[in-house]
Amino acid sequence: MKSRIRKVRTDAKLSQDQMAAELNLSKNFVSQIETGSRNPSDRTICDICKKFRVNEEWLRNGTGEQYLPPDEEATYITELLGSKDNPLYD
């Protein structure tokens with residue numbers, strides 16, 4: 001799991017300090033997770049999945065897609081708000 005967590009961080013173009021701040025962890029703890037000297041708690045795993053839209057099955061086991069598909073409702077709203085037909089478009 002340590003290499004997958006490192007991949008999430010590097011994909012997000014974050015330093016260990018930045019990822020630690022995003023997850024309310026210490027930089028030292030993120031470093032220890034990435035080296036394998038500490039295991040992340042279930043809460044940390046859930047926080048990583050939620051914050052970075054990572055598939056929990058992939059993060060825990062390395063199976064399935066790495067990232068979750070975009071939320072269809074959020075995509076629709078984004079497209080709607082960006083539409084020239086939207087009265088708020090100005």
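- Both Phe29 and Leu23 are members of a single hydrophobic cluster when ILVMFWY side chains are connected at heavy-atom separations under 4.5 Å.
- Here the CG-CD1 distance, from Leu59 to Ile48, works out to 5.5 Å after rounding to the nearest 0.5 Å.
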Validation: residues 38-47 side-chain donor-acceptor distances under 3.5 Å, sequence neighbours left out:
from, atom 1, to, atom 2, distance (Å)
Arg38, NH1, Gln32, OE1, 3.4
Ser41, OG, Arg43, N, 3.4
Ser41, OG, Thr44, N, 3.0
Ser41, OG, Thr44, OG1, 3.1
Asp42, OD1, Arg60, NH1, 3.4
Asp42, OD1, Arg60, NH2, 3.1

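- Closest of all the heavy-atom pairs between Gln66 and Val8 is NE2-CG2, 4.1 Å.
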Exercise. Show your working on side chain to side chain contact (heavy atoms under 4.5 Å, CB included) between Val54 and Tyr67 and close with a plain yes or no.
Key: CA-CA 4 Å; Val54 171; Tyr67 293 103; 3.8 Å; yes
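- Taking the side chain to side chain contact (heavy atoms under 4.5 Å, CB included) definition, one finds that Thr10 meets it with Arg6, sequence neighbours left out.
- Leu14 is linked by a side chain to side chain contact (heavy atoms under 4.5 Å, CB included) to Arg9, Ala12, Gln18, Met19, Glu22, Phe52, counting only residues two or more places apart in sequence or in another chain.
- Partners of Lys7 according to the side-chain hydrogen bond (donor to acceptor under 3.5 Å, both in side chains) rule, which considers only residues two or more places apart in sequence or in another chain, are Asp11.
- One hydrophobic cluster, built from ILVMFWY side chains closer than 4.5 Å, holds both Trp58 and Met1.
- To the nearest 0.5 Å, the span separating CG on Asp17 from CG on Asn28 amounts to 10.5 Å.
- Taking CG from Leu68 and CD from Glu57, the interatomic distance works out to 10.5 Å, rounded to the nearest 0.5 Å.
- One finds the OG atom of Ser31 at 11.5 Å from the NZ atom of Lys2 (value rounded to the nearest 0.5 Å).
- Every residue two or more places apart in sequence or in another chain that forms a side-chain hydrogen bond (donor to acceptor under 3.5 Å, both in side chains) with Ser37 is listed here: Thr35.
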